[in-house]
Number of protein chains: 2
Amino acid sequence: MTKWVYSFGGGKADGGANLRNLLGGKGANLAEMSSLGLPVPPGFTLTTEVCAHYTNNDNTYPEALAGEVNKALATVEKIIGAKFGDPENVLLVSVRSGARASMPGMMDTVLNLGLNEDTVEGLARASGDKRFAYDSYRRFIQMYGDVVLGVEHHMFEEILEDHKEKLGKTLDTDLSADNWRDLIERYMDMVEEELGRPFPQDPAEQLWGAIDAVFGSWMNRRAKTYRKLHGIPEDWGTAVNIQSMVFGNMGEDCATGVAFTRDPSAGENAYYGEYLINAQGEDVVAGIRTPQSLTIAGKQAGGSPLPSMEETMPDTYAELLSVRARLEGHYKDMQDMEFTVQKGRLWMLQTRTGKRTTKAALKIAVDMVAEGLIDKAEAIRRIDPGQLDQLLHPTLDPDAKRDIFGIGLPASPGAASGRIVFNAEDAEAWTERGEKVILVRIETSPEDIGGMYIAKGILTTRGGMTSHAAVVARGMGTPCVSGAGSFAVDYTNKTLTALDVTLHEGDVITIDGSKGQVIKGEVPTILPELSGDFSLLMEWADEIRTLGVRANAETSKDVQTARDFGAEGVGLCRTEHMFFDHERIIHVREMIVARDEEQRRRALDKLLPFQRQDFIELFTIMEGLPVTIRLLDPPLHEFLPHSEHDMIEVAESAGLDVEDIRARAGQLHEFNPMLGHRGCRLGITYPEIYEMQARAIFEAAAEVVAKGQQVNPEVMIPLVGMKKEFTILKELVKRIAGEVQKKKGVTIDYMIGTMIELPRAALRAAEIAEEAEFFSFGTNDLTQTALGLSRDDAGPFIQIYQEKGVIEANPFITIDVEGVGELVKIAIERGRQARPNIKLGICGEHGGDAASVKFFHDVGLDYVSCSPYRVPIARLAAAQAALGVKAEDNA
Amino acid sequence: MTKWVYSFGGGKADGGANLRNLLGGKGANLAEMSSLGLPVPPGFTLTTEVCAHYTNNDNTYPEALAGEVNKALATVEKIIGAKFGDPENVLLVSVRSGARASMPGMMDTVLNLGLNEDTVEGLARASGDKRFAYDSYRRFIQMYGDVVLGVEHHMFEEILEDHKEKLGKTLDTDLSADNWRDLIERYMDMVEEELGRPFPQDPAEQLWGAIDAVFGSWMNRRAKTYRKLHGIPEDWGTAVNIQSMVFGNMGEDCATGVAFTRDPSAGENAYYGEYLINAQGEDVVAGIRTPQSLTIAGKQAGGSPLPSMEETMPDTYAELLSVRARLEGHYKDMQDMEFTVQKGRLWMLQTRTGKRTTKAALKIAVDMVAEGLIDKAEAIRRIDPGQLDQLLHPTLDPDAKRDIFGIGLPASPGAASGRIVFNAEDAEAWTERGEKVILVRIETSPEDIGGMYIAKGILTTRGGMTSHAAVVARGMGTPCVSGAGSFAVDYTNKTLTALDVTLHEGDVITIDGSKGQVIKGEVPTILPELSGDFSLLMEWADEIRTLGVRANAETSKDVQTARDFGAEGVGLCRTEHMFFDHERIIHVREMIVARDEEQRRRALDKLLPFQRQDFIELFTIMEGLPVTIRLLDPPLHEFLPHSEHDMIEVAESAGLDVEDIRARAGQLHEFNPMLGHRGCRLGITYPEIYEMQARAIFEAAAEVVAKGQQVNPEVMIPLVGMKKEFTILKELVKRIAGEVQKKKGVTIDYMIGTMIELPRAALRAAEIAEEAEFFSFGTNDLTQTALGLSRDDAGPFIQIYQEKGVIEANPFITIDVEGVGELVKIAIERGRQARPNIKLGICGEHGGDAASVKFFHDVGLDYVSCSPYRVPIARLAAAQAALGVKAEDNA
């Protein structure tokens, strides 16, 4: 038989912290505290299963529920020694929601329930304080009227205001018992008028009304939205906690407060909290009165003139201090508690794992290891890898004013201010003049790389979290807000318009890439400070993880950053990014518009020294570590000029007419470039391009080897779908490698492998692995092809898909385990079958996403590769994966 | 121990027709004829394994070969009673290639081998004809000099011409024995001068030189190209046949000829052939003399004044007639034979299965069934489904002159003439004036559908065999040449230019869609005549096949054609094709530019009656047969106007500015529309569109049902990748179906299913099948996504891929069994697991490709669906598949 109601209080409990799913967070912890012998007002919890029954059965309850509630209520009455509804010795209760995951403020609460015209008199007598009794009653009417009866809050507020005005009084505290009594009458009249029936006087009716309201609030719009935003499943449901009331507002020997067992902001191992004398919990939150510090140290640190609890209530404070020790010792984590002191007696109303900043999380975890409370593995488990981003980028000063001008997607974390410019050339020009710039584009293309590289931040009005701008910005660690659709960009007049305000080139904005905010003017930023805690935790992560972590990087700066952040090699060097440099792009374009192979080879000969130099730098920085270099991947038309000026330049340099350039561009135009003439298809149709790149790689390697350094190039052929493609290009690379080694008289230890980024490649992995020495999963393109979904075009409907619950996560951010993931698994299995020691990695954007890293660990990849700024995230996520942490544990 | 040499002749043979792979076609059939006791000049065959050894071992032979050749030669000498190299009684031989597959004229042949200064005298004595002997010798020198020694043919020709000129003689036959003798001297001098060594006199040296040359010719460029074009693997190799010479040119009692056991053109059961008295085989081919008919009937039919063999050599003819009966009886197929009569004695030099026209193939197959030679299944096996196309479309009169103006891809078979127009509107205007038009476009888009529909033919200068133009044209049965890149199209001036010739709008061209030819002016065409043989064969095919055949069609005309061609339902009705009609497109565009859902619904309301009427017609024509209707699939921007005029019209009709239209178009623009906002993604984001379409389907069905007809609509949701997508849209369709049925008071027997066209859908087939009642494989898109290959953009490199041997077949024409095929198999297996009775079909272009149909049969699909004109092909291919015919058997 299902048990619907769980009692707690009086030093024991039916449930405990392990029943969180059934009792909700609040209920489970109340039970736990009760079992620990802590002073918890007795009460009981209606389980989340009652909620499920309620929502699935037209808002009705299981038959047995009423009996169990009555029984549990009787137990409470017995412990307290008072009776619900008995004017002689009244028991009042609170009714609160409590879901499995915290949903602060989303659902409803009713306090002081059980008060009516009779019991309020009893309360007055028992407390010896009429004013308190009537105040409690009017609070109850307000709350119950609003939450349960649906009488809007402002109706009560207006009457209260009017009442005070008529009385010539300002503060609630100025009102006498009689004043409250009169107000209650006005409230009662208003409610009856609104509803056509009087305010319920029967405590049982009040109770069931409140229970209905809490369960009903699970499905209210606010709660639904919150769940969608936080990925909380609808079928979890909420529990309802009914607990005997304790009062912090019965006089000067009463108080209420909240406390953290450690500082949730900096993480210091010090008691941290606030309290108010003679107040109810809501008063602390409401901010009407200034809360006072719990401790003397806190008071001094805050420079507050008000006395601390340590001073005003030393005995209770001592008791609270022992509760702190008791709870941390028990939960082995920092706790966030609520308490009430009623007539000198301490009551614990709630405890839960406290939220904290990433900085605090790091410090607390590391400290607790030192204190012997937890082990290193537990410390690793405690940190949400995704939050590390906060530490690695400059952030806006939280106290500074933000004149928000528009919102986009938080595409690349960090914050930056600068003058707006609208193209890469202007970005360079302003930068040369010593200005910081924010590059504003409708969307970016590889042509903009130069400008993106020197800009302090990037703002686009189109494109999603995985648009070109977003991906490149994250790779560079540059803050970026993408897809800010409310802005209009005018390239001709160089303006950015939103909210009827138009900014011009040179105007200053600030972007917060972690929040997606675009702010007018400059906002001060705070620089990241990588603490010793961070390094220590990363060391522990490295000890635990089995998955390697590399970086996707090509420029010296990025490669150096990656190495500093602990990357164990380069997993993806995108050679095409090197093509956009101003000195080279002209030769790249000459190569593309070449009339014949000979002319193409001439242009390539000019590019060779540049590429060689790039690789020399790269190999030197990554000395001794593997470096995976992908041969040219994007379709050639991506490199062609768009502006008239550039076209003329290319035409002149190639000895052609501008018309020829335009014709060539027309010829190269593609309907679906993603599925077009790119990757190894270029290598097969224009072998001379890959020959030049292979030559640059091996000549660079030879030069570095000659200096006595170790080099491990891994040449990667992109977009292979058929074994024959790979074989042809492998032979080409081997031939060039052989030539260079012979000529330079050195031996280079290299590998040739491929990306697995097409479904066909995954399926044919066995035969491809016969030839390929490594696979690197290109999960971006694999997602695009497996799902038939263009990363650049999916923005508008991906959002609707998430809203309609078609998908949970954006598949370009967290890997689609069921679809793309199965292809990865198939390729691993078949690849290993053919070549047991094949090296397996992944170099898509997913390499920096914690949930995806967990998957890659589980399926047995050798390494993940991600953008330099995500390397610490991947290291931590890989360690958590090794510890078996589930992705949702970080939710 | 490997046997390298196989003897034949003298009424027996080591090999037979079953050893075709080892002995080549010619060698195997010579052995077979020999075993049958037919008069075959004795000889022997060096196997294809010798060829493999030769090419793989630096042109050297197996050790045992020389011994086996000598032994076989001795056997020949014994049968003939003459000796190789013996001037007293000379044996001469021919050395001929003979591969597994016929490669006419591709490799080398040497005749009269064994002649030298001594044996030529012996031959003169033995034949009693000095002139014949010297003529034979000079022919040998010419042939051997060219083929084996590498002295170019023209060197001999020039000497011969000079010789004749000096002698004042015109014809070869005018030359005397002495004249030839003198010529031989000049030949010998020239050869020695060219090579620096004399012409080889040793018959053994001659023989091995010829063997080398034939094996070497397997790898010559011409042969390689031929193999690539005809898909013949390089490792098959050729055999070499060495056979004692017989002479048709030893006098008036000698002759040579070719014969077909039946008419290869019309298929009549009548002996058909040509012969020449006193001639060698090459004379028949060379066309110097006019060959004479074998039979009196043939002579009369051809109106020839020359006597037939039946008249001139009645005994030999009678013998040849018995050979005909013997061979047809044995091979049970029409044979193509070569024979020589030497001094009244008949020798058979070759027999092979005769090539024939499709018409003849049909007639022969059907006749042979009637004659009891073969059964129906064999008749089915005999016809190449791909060739049926020839019968179903008008073809150009083969005798008419073709002024070829350019070449493109044979994108849709058939031929058509008409005036060129450059856009759909002009096509309509000219057609209204009663003109036939050929629509010329750089490439077509759905907007051109109207013009494509009324054009007699379509010519595009871009796009491949599966471009939009090609696919639509094949669907309509309209001839189309696509990707004719040598043409320049100028839309502004309405001109088509190639070869420095410019045609203007209104000029007449003819296109041959079967050959890809573009011809200036009008060329007469021959209408297809579907014979009783065709219908009979199709009936037999239907009896044998188990795979259903449906058609991809939406217009009344196409649906009717499909039914006439035997389609068993519609497998794909593309509702978007119905949107382009002039009356509707304005409402479609209104719908797209609508500011909100309400405005969108208003536009959709206007479309509803049109769609309903379409479906009524469709259901009526296909009465009682299933009709699969795909809901809107392409991205909305495909429907937007491009011309200023159309934009203004839409703006006015929708009450918007042209600027709004342009802005909306910009908003809808996609980088990769193939992977964009289309298919079920539209249904989820704009449910009102699918609602309208579902309403039109069910209202139409209700109307037809009300008339007492049976309707089986199958509503198909496109581009599903996730179960939830399907579930949401299935609920939508079911809701509308329920509403309509209730309102109209009828019950409609319908199904809801999905296309499987994304790799993810194939992988998740089990869960999708929980909801979907049928799957239809969209193999076009599945190929695009699995291979990451855009159908519209792959043209340029697919061709290079084929040339470089990366792929054998274009994967958009013949299904990629290893990649896409595995996804199909996975989906079938998983789909059936979840829903054992799930209906499975395919509606990609592959449904009309014989090799692909075989695959679909083998993996157990229920039906294929293809364009109406390909329905007969699919029916035949399905029957062959049921008979276990391999695709390569049709090669």
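Letters go in sequence order (proteins before strands), and every chain restarts at 1.
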Carboxylate-amine/guanidinium proximity below 4.0 Å for B/Arg600 and B/Glu597:
no
Does B/Gly805 offer a backbone N or O that forms a donor-acceptor pair with the side chain of A/Lys724 under 3.5 Å?
yes
Do A/Phe777 and A/Leu823 have side chains that approach each other closer than 4.5 Å (heavy atoms only, starting at C-beta)?
no
When you check the side-chain N and O atoms of B/Arg830 and B/Gln833, is any donor under 3.5 Å from an acceptor?
no
Quick check on the structure: residues of residues 815-822 of chain A within a heavy-atom distance below 4.5 Å of chain B, by number.
A/Asp816, A/Glu818, A/Gly819, A/Glu822
Heavy atoms of A/Ala762 and A/Ile826 approach each other most closely as O-CG2, 3.7 Å
B/Met722 versus chain A, the contacting section by heavy-atom distance below 4.5 Å
side chain
Neighbours of chain A found in residues 780-788 of chain B - heavy atoms under 4.5 Å
B/Gln784, B/Thr785, B/Ala786, B/Leu787, B/Gly788
Mark yes or no for whether B/Asn493, through its side chain, and B/Thr495, through its backbone, hold a donor-acceptor pair below 3.5 Å.
no
Select, from A/Ile728, A/Leu758, A/Asn672, A/Leu719, the one with the greatest count of heavy-atom pairs under 4.5 Å involving chain B.
A/Asn672
Listed partners of A/Phe726 passing ring-ring contact (aromatic ring centres under 6.0 Å, His included), at least two apart:
none
Quick check on B/Glu443 against chain A: is it the side chain, the backbone, both or neither that has a heavy atom closer than 4.5 Å?
side chain
The interface call for A/Ile800 against chain B, heavy-atom contacts under 4.5 Å, is side chain
Closer than 3.5 angstrom, by distance alone: can the side chain of B/Glu771 be matched with the main-chain N or O of B/Ile768 as a donor-acceptor pair?
no
Given A/Glu670, A/Glu757, A/Arg681, the one with more heavy-atom pairs under 4.5 angstrom with chain B than any other is A/Arg681
Need one label for B/Leu682: side chain, backbone, both or neither, based on atoms under 4.5 Å from any heavy atom in chain A.
neither
B/Leu729 CG to B/Thr754 OG1 distance, which is reported to the nearest 0.5 Å:
9.0 Å
Part of A/Glu767 lying under 4.5 Å from any heavy atom of chain B
side chain
Between A/Glu576 and A/Arg630 (salt bridge meaning N to carboxylate O under 4.0 Å), is one present in this structure?
yes
Quick one: ring-ring contact (aromatic ring centres under 6.0 Å, His included) partners of A/Tyr690, sequence neighbours excluded?
none
Counting only heavy atoms closer than 4.5 Å, note whether B/Arg764 contacts chain A via side chain, backbone, both or neither.
side chain
Pick from A/Gly721, A/Gly679, A/Pro673 with the largest number of heavy-atom pairs that fall under 4.5 Å of chain B
A/Pro673
Supply the atom-to-atom distance B/Ser445 OG to A/Phe671 CZ, rounded to the nearest 0.5 angstrom.
8.5 Å
Give a yes or no answer on whether the side chain of B/Asp490 reaches the backbone of B/Thr492 with a donor-acceptor pair at less than 3.5 Å.
yes
With a 3.5 Å cut-off and no angle check, do the side chains of B/His677 and B/Thr685 form a donor-acceptor pair?
yes
Between B/Arg462 and chain A, which part of the residue has a heavy atom less than 4.5 Å away: side chain, backbone, both or neither?
side chain
